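As the structure is a prediction and not an experimental result, all values here were calculated from the model.
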Amino acid sequence: MPKAIFLDRDNTIIKDDGYFHDPNAIVFMPRAVEGLLKLQHDGFLLVVITNQSGIGRGYFPESDTIAVNQKMTDLLREQGVRLEKIYYCPHALEDDCACRKPKPFLILKAAQEFGIDLAKSFFIGDHMKDMDAGRAAGTATLFLGSPDKSPSIDLAARDLEEAAEKIADYEKIHSRVQA
């Protein structure tokens, strides 16, 4: 079974100053592409799981999110990065849907669709809801930024390149422990 990196989109892969929806304004986070390339090289499938409540709140149409996701996928492909799929929740928080993080529904859906081994996988994001979703799905978690202490966080890093390095070290340690 393959292992995967589940990634939040906004402020994890691309910069977002609030309800990002312009495909022509995509700016990658520092060292994001380098980190994604390393994770991919280390044998991880790359899957994006993102909440896009701006759709449910009526701030922009769903077609904007689809366009941003496609443009981001295309730009990453040009750099050699392959995203397996992008799953997004279009609902507002008050909709109390099944697919909005911190609920693990979209992670579990991706795991079923791609046959992913969740126990060998990680969720990377910049919010506690990302960590909680990953933990609920059975993945290890990596917080981007400076988190408060939380049982939902296994690792923390400044950016995706450092995250890739920490995950490689984590895997080495855990493979020795299990041997």
Applying side chain to side chain contact (heavy atoms under 4.5 Å, CB included), run through Asp95 and Arg100 and close with a yes or a no.
CA-CA 9 Å; Asp95 292 337; Arg100 184 176 174 78; over 6 Å; no
Determine, step by step, whether Arg57 and Tyr19 satisfy the side chain to side chain donor-acceptor pair (under 3.5 Å) criterion, reporting the C-alpha distance in whole Å, the side-chain angles of both residues, the deciding distance to 0.1 Å, and the verdict.
CA-CA 10 Å; Arg57 294 174 186 203; Tyr19 302 104; 2.6 Å; yes
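Transitive grouping of hydrophobic side chains (ILVMFWY, heavy atoms separated by less than 4.5 Å) brings Val33 and Ile14 into a common cluster. Following chains of ILVMFWY side-chain contacts shorter than 4.5 Å, one can reach Val68 starting from Leu76, so the two form part of one hydrophobic cluster.
The main-chain N or O of Gly80 is found under 3.5 Å from a side-chain atom of Gln40 such that the two form a donor-acceptor pair. A side-chain donor-acceptor contact under 3.5 Å links Thr141 to the backbone of Asp154. Checked by atom type and distance alone, the side chain of Asp16 pairs as donor or acceptor with a backbone atom of Phe20 at under 3.5 Å.
Between Arg77 and Asp74 there is a salt bridge, with a side-chain nitrogen of the basic residue lying less than 4.0 Å from a carboxylate oxygen of the acidic one. The pair Lys101-Asp130 counts as a salt bridge, with a side-chain nitrogen and a carboxylate oxygen less than 4.0 angstrom apart. The residues Lys103 and Asp96 are annotated as salt-bridged, a charged nitrogen and a carboxylate oxygen being separated by less than 4.0 angstrom.
Interatomic distance, Asp17 CG to Asp10 CG, rounded to the nearest 0.5 Å: 10.0 Å. To the nearest 0.5 Å, the span separating NZ on Lys120 from OG1 on Thr139 amounts to 15.0 Å.
Classified by interplanar angle (parallel below 30°, tilted 30° to 60°, perpendicular above 60°), the ring pair Phe123/Phe6 is parallel. Between His21 and Phe60, the ring-plane angle classifies as parallel under the 30° and 60° cut-offs.
Annotation: side chain of Phe143 is in contact with side chain of Met128 (closest heavy-atom distance under 4.5 Å). Within the 4.5 Å cutoff, the side chain of Leu160 has no heavy atoms near those of the Met29 side chain. Between Tyr88 and Ile66, some side-chain heavy-atom pair lies under the 4.5 Å cut-off. Under the 4.5 Å side-chain criterion, counting only non-hydrogen atoms from C-beta, Leu7 is in contact with Leu36. At a threshold of 4.5 Å between non-hydrogen side-chain atoms, the residues Lys129 and Asn51 count as touching. Residues Glu84 and Glu113 form no side-chain contact, since every pair of their non-hydrogen atoms from C-beta on lies 4.5 Å or further apart. Using a 4.5 Å heavy-atom cutoff, the side chains of Pro23 and Gln70 are not in contact. Asp169 has its side chain out of reach of Leu155: every pair of non-hydrogen atoms, C-beta onward, lies at least 4.5 Å apart.
Screening residues 33-52 for salt bridge (Lys or Arg N to Asp or Glu O under 4.0 Å) gives Lys38-Asp42 as the qualifying pairs, with residues at least two apart or on separate chains.
In this structure, Phe114 has no ring-ring contact (aromatic ring centres under 6.0 Å, His included) partners at least two apart in sequence or on a different chain.
By the 6.0 Å contact criterion, CD on Glu94 is enclosed, its count of non-hydrogen atoms from other residues, nucleotides or ligands being greater than 12.
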